S.K.: 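Below you will find the structure I want to go over with you.
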2 protein chains.
Amino acid sequence: MPAHDQSTRRTEQRRAILAALGSADRAFSAQELHERLRATEHGVGLATVYRNLGRMAEEGAIDAILRPSGETAYRACGHGHHHHLICRECGRVVELHDCGLSDWSRRIAAEHGFSEVEHQAELTGLCADCGAAA
Amino acid sequence: MPAHDQSTRRTEQRRAILAALGSADRAFSAQELHERLRATEHGVGLATVYRNLGRMAEEGAIDAILRPSGETAYRACGHGHHHHLICRECGRVVELHDCGLSDWSRRIAAEHGFSEVEHQAELTGLCADCGAAA
DNA sequence: GTGTTAATGAGAATCATTATCGATTGTAGT
DNA sequence: ACTACAATCGATAATGATTCTCATTAACAC
């Protein structure tokens with residue numbers, strides 16, 4: 001009889017990736033994460049890091065943050081709609097669950113005849129530590 | 001006697017690029033622009049397209065829009081702080097000079113001890129035409 | 001016109017990301 | 001515990017966007 005399996009498997013690598021993301025309060029690109037994991041016990045292949053980050057982001061398990069440079073960084077986030085406040089010096093990320101854009105977004109969209117609007121926003125600045133150091 | 005020149009030169013290519021951008025109400029990636037210019041009178045080299053778009057964006061002459069895929073698209077925009085409302089079907093872009101985010105942004109930043117905050121926001125949706133077609 | 005030098009263009013190089021494919025390894029069923 | 005088999009892995013080739021190289025071209029001050 002065939003083993004009719006099609007669910008997501010719990011692999012050592014996926015666990016390592018989630019652990020690494022979960023223990024940090026900043027976002028990592030696939031490359032950075034791969035580098036970081038290489039130092040630990042069993043390194044994880046680069047392709048595997050990409051695969052898993054991509055999948056997890058699709059499933060909504062983690063958040064994808066598009067950097068100005070064009071690379072994608074990922075972060076373990078709380079669920080639900082939220083935005084990010086990112087320190088452009090150290091990369092620290094603060095989750096903002098208090099979204100004040102819905103009204104503005106809806107109003108603007110209506111004014112221009114747009115439907116099914118979604119908004120995407122990010123705040124960048126210097127966090128308390130980095131701002132003091134400057 | 002040395003020709004002590006160091007300002008930006010008015011080249012045929014730069015003019016072509018600006019003209020192509022100015023005549024459209026949507027954003028183009030460097031590749032798209034290069035493709036489009038190849039059809040015209042004198043084509044413009046890909047490297048030149050990249051160089052000029054990059055420079056113009058730096059100088060603030062045009063706006064850079066980061067697509068979800070990671071590529072950068074450029075558009076001739078009015079000056080001053082503004083956001084974009086983009087149709088995710090046809091790519092049409094509407095400039096929003098009415099920014100309702102400054103207060104929200106400042107308040108959030110202050111709450112978390114951040115300084116020198118900047119915000120970046122984009123609205124995506126279906127424009128009147130594309131929304132009707134769906 | 002002439003000289004200087006920024007700008008161009010064809011192609012090589014780089015960087016992030018994705019695809020390939022044989023070797024592993026979870027897991028359900030025994 | 002044992003087996004079967006597809007999901008996953010990992011090394012590496014391939015892709016796609018962007019940047020760099022360098023010889024050639026062309027703006028523009030004189």
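Just so it is clear: chains get the letters A, B, ... in the order the sequence lines come, proteins before strands, and each one is counted from 1. This one's a predicted model, so the numbers in the text were calculated from it and none came from an experiment.
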S.K.: Whole angstrom is fine here: how far is it from CG in A/L37 over to P in D/dC9?
M.R.: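 After rounding, the gap between these two atoms is 12 Å.
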S.K.: Round to the nearest Å and state the distance from A/L46 atom CG to C/dT20 atom P.
M.R.: 17 Å
S.K.: Short question: side chain of A/E95, backbone of A/G78 - any donor-acceptor pair under 3.5 Å?
M.R.: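 Yes.
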S.K.: Are more than 12 heavy atoms from other residues, nucleotides or ligands located less than 6.0 Å from atom CZ of A/R36?
M.R.: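 12 or below, so no.
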S.K.: Can A/L123 and A/I86 be said to form a side-chain contact (heavy atoms from CB on, under 4.5 Å), step by step?
M.R.: CA-CA 6 Å; A/L123 303 184; A/I86 306 175; over 6 Å; no
S.K.: Can you find a side chain N or O atom of A/Y50 that sits less than 4.0 Å from OP1 or OP2 on C/dT18?
M.R.: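 The answer is no; no side-chain N or O of A/Y50 sits under 4.0 Å from OP1 or OP2.
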S.K.: Using the side-chain contact (heavy atoms from CB on, under 4.5 Å) rule, take A/E111 and A/R106 through it: C-alpha gap first, then chi angles, then the decisive distance, then the call.
M.R.: CA-CA 9 Å; A/E111 281 176 16; A/R106 266 193 294 274; over 6 Å; no
S.K.: For B/A121, does its backbone N or O pair with a side-chain atom of B/H83 as donor and acceptor, under 3.5 Å?
M.R.: yes
S.K.: Closer than 4.0 Å, any side-chain N/O of A/T48 to the OP1 or OP2 of D/dT8?
M.R.: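 For D/dT8, neither OP1 nor OP2 has a side-chain N or O of A/T48 closer than 4.0 Å.
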S.K.: For residues A/R67 and A/S29, report the shortest heavy-atom separation together with the two atoms involved.
M.R.: NH2-N, 3.9 Å
S.K.: Relative to the ring of B/H82, is the ring of B/H97 parallel (under 30°), tilted (30 to 60°) or perpendicular (over 60°)?
M.R.: tilted
S.K.: Can you pull out the residues from residues 51-73 of chain A that lie within a 4.0 Å heavy-atom distance of DNA chain D?
M.R.: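 Contacts with DNA chain D under 4.0 Å: A/R51, A/N52, A/R55.
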S.K.: Look at the side chain of B/R9 and the base of C/dA6, then say whether one donor and one acceptor between them are separated by less than 3.5 Å.
M.R.: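 Present.
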S.K.: For DNA chain D, determine which residues of residues 11-35 of chain B have any heavy atom closer than 4.0 angstrom to one of its atoms, and list them numerically.
M.R.: B/Q31
S.K.: Side chain of A/T8, heavy atoms from C-beta onward: which of D/dT8, C/dG9, D/dC9 has the nearest atom to it?
M.R.: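 Of D/dT8, C/dG9, D/dC9, D/dT8 is nearest to the side chain of A/T8.
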S.K.: Check for a donor-acceptor pair, side chain of B/T48 on one end and backbone N or O of B/V44 on the other, with a separation under 3.5 Å.
M.R.: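 Checking the backbone N and O of B/V44 against the side chain of B/T48, no donor-acceptor pair under 3.5 Å is found.
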S.K.: Can you tell which of D/dT18, C/dT27, C/dT17 lies closest to the side chain of A/R10?
M.R.: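 Among the listed nucleotides, the one closest to the side chain of A/R10 is C/dT27.
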